[in-house]
Amino acid sequence: MGGDPLTGPGASAFNEVVALAARRGFFWPSSRDLYSDAPAGFWVYGPLGLRVKNKIIDMWRRRILAREGAQEIETPSVLPLKVFEASGHLEHFFDRLVECGRCHSRLRADKLLEEATGSQISLEGLSDEELHDLLVGRGVRCPVCGASEWTGIRRFNLMFTLAVGAEAESPNAALRPETTQGSVVEFKRTFTVSRGKLPFVMAQVGRVYRNEISPRRALLRMREFQQLEVHVFFDPEDTSAYESKLAEFSGYRLRFLRGEDRETGEITEMTVEEALSSGYTVNPLITYWLALYQRFFEELGFPRDRLRYRELLEGEKAHYALVHWDLEVYTEDLGWVELVNNAYRTDYDLSGHSRVSGVDLSVDTPRGKVLPHLYEPSIGIDRVILHLLLLSYRRDERRVWLALPRELAPYDVAVFPLVKKDGLPERAVEVARRLSREFAVFYDDKGSIGKRYRRMDEVGTPACVTVDHRTLEDSTVTIRDRDTMEQVRVPEERLADSLRRFLSGADLREA
RNA sequence: GCGGCCGUAGUCUAGCCUGGGCAGGAUGGGAGCCUGCCACGCUCCAGACCCGGGUUCAAAUCCCGGCGGCCGCACCA
């Protein structure tokens with residue numbers, strides 16, 4: 001929004017944030033400084049960005065995985081093609097496309113032929129050339145412009161394939177496009193070694209790879225990115241374990257953009273009770289996880305009125321999903337963007353792997369053998385970080401700062417000597433050293449004090465501690481609040497306590 | 001991937017049309033001086049023509065290709 005007072009007229013916060021991120025070391029495009037032709041969609045996390053990312057992952061592990069008793073595992077990025085045959089990715093990732101020679105529309109060759117011929121002929125096993133010849137032979141027209149000038153068939157491969165083994169010539173493996181398949185394939189052994197019972201919660205943090213057509217907008221669409229995934233395996237006939245858990249969210253209001261409200265954009269708020277009793281959220285388990293994740297994102301600092309669950313419609317949903325909501329966040333620059341993919345995958349994955357591998361993947365339950373269903377919330381952490389910076393970005397006539405949630409800032413506290421003389425630096429180094437046992441501390445004595453404050457503002461450091469001449473007399477220091485620039489003076493022996501309270505949200509004067 | 005616009009230090013930019021000089025400035029960065037609380041001032045230092053071809057005596061400048069960026073379309077399983 002051009003008139004936004006935070007970013008100034010006509011300014012784009014997005015561009016400024018991406019520039020700030022590269023300038024100060026949050027993230028930047030991989031290899032570009034040395035090799036200008038490096039492909040797009042690969043990003044480096046610098047020292048500051050990695051700190052933020054690790055803090056988010058840590059928070060997710062404590063507030064989601066720990067409390068839900070999740071078993072976190074780590075599986076390889078490279079998996080045999082068979083896995084993706086079972087998962088349906090092969091079928092959905094290797095489109096054969098033709099391009100219209102006149103209007104340049106790209107269309108799926110098989111879909112075109114099926115529509116033109118009414119599916120009278122089998123297209124299975126046809127070579128690219130045969131498929132193209134059929135298109136031309138039948139005079140199939142472009143549904144967009146009506147022309148009948150087709151380019152040759154091109155394989156459109158959204159997975160990175162690999163030939164594993166020194167003598168392998170054709171692809172026999174691929175980089176995973178989601179971590180889910182690793183958890184599904186290893187489900188049974190993980191279940192056994194954990195002496196698990198349903199519902200059984202697994203989790204993975206991992207990098208995934210998609211050969212995107214046009215990666216754009218920094219961390220928004222990348223070819224290699226990172227997911228925080230939870231995989232809840234459960235008996236669809238028995239989700240009673242979640243009925244009592246749901247009590248914790250009694251009265252909690254979920255925000256939905258329902259499929260039927262797509263055109264108006266109207267957001268429907270319903271309590272978890274309403275969502276469940278109306279049948280909209282299927283069962284207590286899914287309802288619980290939707291509430292848990294919405295609350296987690298509120299705790300991460302996302303304003304509640306910028307969050308919504310967008311129900312995906314038939315044709316939009318992934319091939320494996322029965323019900324599917326995207327948890328989205330709104331910014332003026334990017335509009336509504338998906339941060340978490342929440343899919344009810346039923347037994348699609350386990351039955352697929354059972355079929356292809358011949359291994360029975362059902363587990364024993366009090367009511368006999370059950371092939372579990374899978375519910376999966378998948379966080380795209382790179383987008384989360386990008387949006388945290390976007391929403392934190394502040395600018396007025398004096399300074400630029402990141403009003404990051406205090407517990408997510410790369411540094412907790414900076415320590416400065418007021419001037420670089422009179423023994424102040426030595427005393428400040430001592431203060432910094434003591435604080436570093438507990439906090440992420442940044443020490444700086446270069447340039448003027450004002451400049452150092454500005455530098456810390458720009459990377460979102462919530463507190464700056466300054467050692468001045470009075471410190472030498474009475475052992476007090478000042479703490480400055482990033483957001484208000486206010487200062488309070490506290491005795492050194494109370495500094496750590498005050499910072500601890502301040503960082504966990506207390507007002508500076510009460511801290 | 002298609003179409004349009006674009007590519008000079010970390011960032012912003014002058015120069016490009018009309019080829020010719022060590023590629024100029026600001027800001028940021030480093031070293032130092034100064035500095036009693038919010039980008040003060042001074043000195044010094046480092047730092048760029050996206051990559052590759054071509055035309056030419058001579059290319060940041062003109063031509064071609066690649067790569068990248070932005071916007072739109074498509075894609076986003």
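In the text below, chain A, chain B and the rest are named by the order of the sequence lines, each starting its count at 1.
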Qualifying residue for salt bridge (charged side-chain N to carboxylate O under 4.0 Å, His left out) with A/Asp457, from A/Arg480, A/Arg482, A/Arg24: A/Arg480
Positive for ring-ring contact (aromatic ring centres under 6.0 Å, His included) with A/Phe234, one of A/Trp289, A/Tyr344, A/Tyr375: A/Tyr344
Any N/O donor-acceptor pair, A/Arg480 side-chain to B/rC37 base, under 3.5 Å: no
Whole-Å gap separating C1' (B/rC76) and CZ (A/Phe225): 10 Å
Test of ring centre spacing under 6.0 Å for A/Phe416 and A/Tyr453: yes
P-based separation of B/rU13 from B/rA74 [nearest Å]: 31 Å
B/rA59 versus B/rA23 - spacing of their C1' atoms, nearest Å: 13 Å
Whole-angstrom distance between B/rC33 and B/rC22, as gauged at atom C1': 30 Å
Any N/O donor-acceptor pair, A/Arg482 side-chain to B/rC38 base, under 3.5 Å: no
Pairwise C1' distance for B/rA58 and B/rC70, with rounding to whole Å: 35 Å
Proximity to the side chain of A/His469 - top-ranked nucleotide from B/rG36, B/rA31, B/rC37: B/rG36
Minimum-distance nucleotide (side-chain atoms of A/Ser448 versus B/rU35, B/rC71, B/rC40): B/rC40
Residue mapping more 5' on RNA chain B - nearest nucleotide basis, A/Arg221 or A/Pro215: A/Pro215
Contacts of A/Tyr320 that satisfy ring-ring contact (aromatic ring centres under 6.0 Å, His included) - sequence neighbours left out: none
Aromatic ring pairing A/Trp43/A/Phe27, orientation class (parallel under 30°, perpendicular over 60°, tilted between): perpendicular
Nucleotide of B/rU35, B/rC37, B/rC40 approaching A/Lys451 most closely (side-chain heavy atoms): B/rC40
Protein-nucleotide distance (A/Trp28, atom CH2; B/rC50, atom C1'), rounded to Å: 20 Å
Candidate nucleotides B/rC75, B/rC70, B/rU35, ranked by approach to the side chain of A/Arg216 - the nearest: B/rC70
Distance below 4.0 Å between A/Lys420 side-chain N/O and B/rU35 OP1 or OP2: no
A/Ala40 side chain, from C-beta outward: closest of B/rA39, B/rG72, B/rG68: B/rG68
Distance in angstrom units between A/Glu397 CD and B/rA39 P, rounded: 13 Å
Length of the line joining A/Asn211:CG and B/rG1:P, which is rounded to integer Å: 10 Å
Side-chain N,O (A/Arg452) to OP1/OP2 (B/rC37) below 4.0 Å: no
Passing candidate, salt bridge (charged side-chain N to carboxylate O under 4.0 Å, His left out) with A/Asp444, options A/Arg455, A/Arg452, A/Lys420, A/Lys451: A/Arg455
Basic-acidic side-chain contact under 4.0 Å: A/Arg310, A/Glu338: no
Interatomic distance at C1', B/rC67 relative to B/rG53, whole Å: 14 Å
Ring-face cation contact, A/Trp336 with A/Arg308, 6.0 Å cut, 45° max: yes
Distance in angstrom units between A/Arg32 CZ and B/rG7 P, rounded: 17 Å
Donor-acceptor pair present, A/Glu212 side chain and B/rC76 base, under 3.5 Å: no
Nearest listed nucleotide, side chain of A/Arg455, among B/rG36, B/rG30, B/rC38: B/rG30
Interatomic distance at P, B/rC62 relative to B/rG72, whole Å: 29 Å
Per A/Arg454 side chain, nearest of listed nucleotides B/rA39, B/rA31, B/rC37: B/rA39
Whole-Å distance separating the CG atom of A/Asp445 from the P atom of B/rC38: 18 Å
Distance between P atoms of B/rC45 and B/rG7 (Å, rounded): 32 Å
Spacing of A/Glu458 atom CD relative to B/rC38 atom C1', expressed in whole Å: 14 Å
Secondary structure of RNA chain B in dot-bracket form (Watson-Crick or G-U wobble, distances below 3.5 Å, | marking inter-strand pairs): (((((((..((((......[...)))).(((((.......)))))....(((((..]....))))))))))))....
Parallel, tilted or perpendicular, as decided by the 30° and 60° cut-offs, for the rings of A/Trp325 and A/Phe256: tilted
Nearest-nucleotide 5' precedence on RNA chain B, A/Gly447 against A/Gly450: A/Gly447
Separation between the P atoms of B/rG19 and B/rC57, rounded to whole Å: 15 Å
